[in-house]
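These notes concern the structure reproduced below.
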Amino acid sequence: MSPVAHAEEGKWTPQQVLQIDAGWLKKQGLQLPVSRLWDPARGTGLLAATVALPGCSGAFVSASGLILTNHHCLFSLIQEHSRPDRDLITNGFIAHSREEELPGKTTRITVPRKFTDVTKQVEAAVPAGADDLARTRAIDAKQKALVAECEKTPGNRCNVAAFDGGLQYTLMEGLELTDVRLVYAPPRAIGEFGGEPDNFRWPRHVGDFSMARAYKDGKPYRPEFFFPISRNGVKPGDFVMLLGYPGRTFRSFTGEEMSNEREFRFKLTQEIYGEWINILEGVKTADGAIAVAAMLKSLNNSHTNAEGQLAGLARGSLIEKQKANDEAVLAWAAGKPAYAGALASKRELDRIAEERRKTAVRDYLLSIIPAGSVALKHATQLARLAGERVKTDAAREPGYQERDWARLKAGLERDQKSFYAPADEALLASWLARARKANIAGAQGAAAAPLLRATKVTDLNERLKMFDETLAQLRARQDPLLDLAFALAPDFREWRTSLEAREGAFARLRPEWRKAVIAHAGKPVAPDANSTLRVSFAHVKGYSPRDGVLYTPQTTLAGMIEKHTGEEPFAVPSFILDAAKNARADQIPLNFMSDADTTGGNSGSPVVNGRGELVGLNFDRPWENVANDFGYNPAVARNISVDIRFLLWLWEDVQKADFVLRELGLKR
Ligand code: ASP
């Protein structure tokens, strides 16, 4: 992959990092040999100090399993332990000993162990002449077999990740640690300072970090690699490297497919989540507000993100540009026998994109059930689990295999903390009204209030009993919410079958098309994000958001205090205001920007210097860069991190978090 002149663009896989010109990396500022980052023979290296949390990333920072990540990534663990009389969300939390650390029912991390290219095995599993549905099923069966084999190793959690819709398949082997305990959380007024008005914005002034510890067999986990903390910090122009698990991007999509994402993902999210946010913001009781806090936060984040995507798509004319690029690839490939398949593939991809529009609203509504009414989510999970249980394990849907049961059950239990009946009723009513309008057959005639009044699904003990019951037993209960879930089952089945057929078509078409696109680009192209470990190379750098305005790349505590109004979310806690009086607030770094290529899921990503020392934790992107999920624009491609020196100031000078400081070797 040489010479790589534009490796700033790209969320590179570990394998790709090894192919990047070492001289170029050195010139950028990397002081470690690349082999320290990743040793392909062992399938590990310093990169393995980067762990995955559901929807987030994190970093080992001690030999005894301490993990730093974002405040928003551990928010539901904080919420799990909050009560009106012991409100950790508002007050924060500091453990002063290991005994005080707080376990979470569903918090877990995965430590990467090994990645293996299994493309040939997966492709070979597809029988000749298979149609699209059969292709998906064959690929699926092969993936499950590879995963089952991989998970014979105790502690392993594995999955097969598809890159760019099947251009490559990699078996990702990880060690899953399910005992993760809260060690530190700042008060919400620090961890979420600026709230939604500042979310996806610059300049930023938020201490979005928190700390947990991973345990294995009841003892602190001892990782092979961890990132030492740098006291030196960063300055404009410095090289940084960002490691993490970016979730999902759309850059390998055709223009037609991108347009579907705009219409049927982001516009619908903007509309529906907007309505749900209004519902949850109406909750005023203290216990209700704690119960809905995590859901509200995550809906808000997705909603603001959707608005940023829509604004960015329009501002950069990204879909029009993609369509033009598609045309350019087609013109370039025409007449080249090697790419004849690409032309036919593109035509078919367009046809599928067109067809998808017919059921897109229904598909979206079914897909967002887990984000809304907790009761409906549980009912559909229970009905589905009972339906899947009767099958052999290999035939069960992903997410409902035996390997998933403990996780499902823990979720059913943990969610009790997030259930607040009045809010849930309104969310359910909203979903049902939309589902009826979208002609979802199973939703016709159902009404939220009577369903919730009569159901036992919302009772924790009953729900846990239901978890072990057969389909016949669940039906015999004649529970109206379960009956709704059973009525929705055919809608789900239809949706999933069409999804499988589409995926089978993509596996056939996408690689052909992408090969032409990449050859036409004439440079290495990083695959779309798919929640697998990636690396991005960057420098600390500001940008110009619009004509006449220049953003500098660093903020300080002084800026946080300047934003202080006393009203949430701009209320700096009084102990910070007091501490700031005795300090030069403009000398205490708070947030910084760099030009790393990131997306959602990169939250909590370690940001390290050229020596592999931790200088920050990524938590966001600025507004002009939200739509980078569709295309990279070097002029605005920035990510936002919390500066590790803010955390050190807080722990050393203000909160005296000696227990963690000692373990980090920062205090004797
Ligand atoms: N704040 C982000 C998130 O929602 C990170 C990002 O999108 O850049 O995960």
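In listed order, ligands and their atoms are each counted from 1. The figures here come from the full heavy-atom set of this structure, side chains too, leaving out hydrogens, waters and symmetry mates. Along the sequence shown, residues are numbered consecutively beginning with 1. Just so we're clear, the structure is a prediction, and the values are computed from it rather than from any experiment.
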May I ask you to establish whether K297 and F75 are in a cation-pi arrangement, using a distance under 6.0 Å from NZ or CZ to the six-membered ring centre and at most 45° from the ring axis?
-> yes
Could R510 and F253 be counted as a cation-pi pair, given that NZ or CZ must be under 6.0 Å from the ring centre and within 45° of the axis?
-> yes
For the side chain of [X] and the backbone of [Y], is there at least one donor-acceptor N/O pair under 3.5 Å apart?
X	Y	answer
D595	H539	yes
N609	E613	yes
K321	G316	yes

Give the residue, atom name and distance (to 0.1 Å) of the protein heavy atom nearest atom 1 (N) of ligand 1.
-> F619 O, 2.7 Å
Do any nitrogen or oxygen atoms of [X] lie less than 3.5 angstrom from nitrogen or oxygen atoms of ligand 1?
X	result
H72	no
F200	no
R621	yes

I need the atoms of ligand 1 closer than 4.0 Å to a non-hydrogen atom of [X], numbered in the order shown.
X	value
T599	6 (C), 7 (O), 8 (O)
S603	1 (N), 2 (C), 3 (C), 5 (C), 9 (O)
D620	1 (N), 2 (C), 5 (C), 8 (O)
G601	9 (O)
N301	3 (C), 4 (O)

Any C56 heavy atom less than 4.0 Å to ligand 1 = no
Straight-line distance of E281 CD to L296 CG, nearest 0.5 Å = 5.5 Å
Just say parallel, tilted or perpendicular for the rings of Y184 and F209, cut-offs at 30° and 60°.
-> parallel
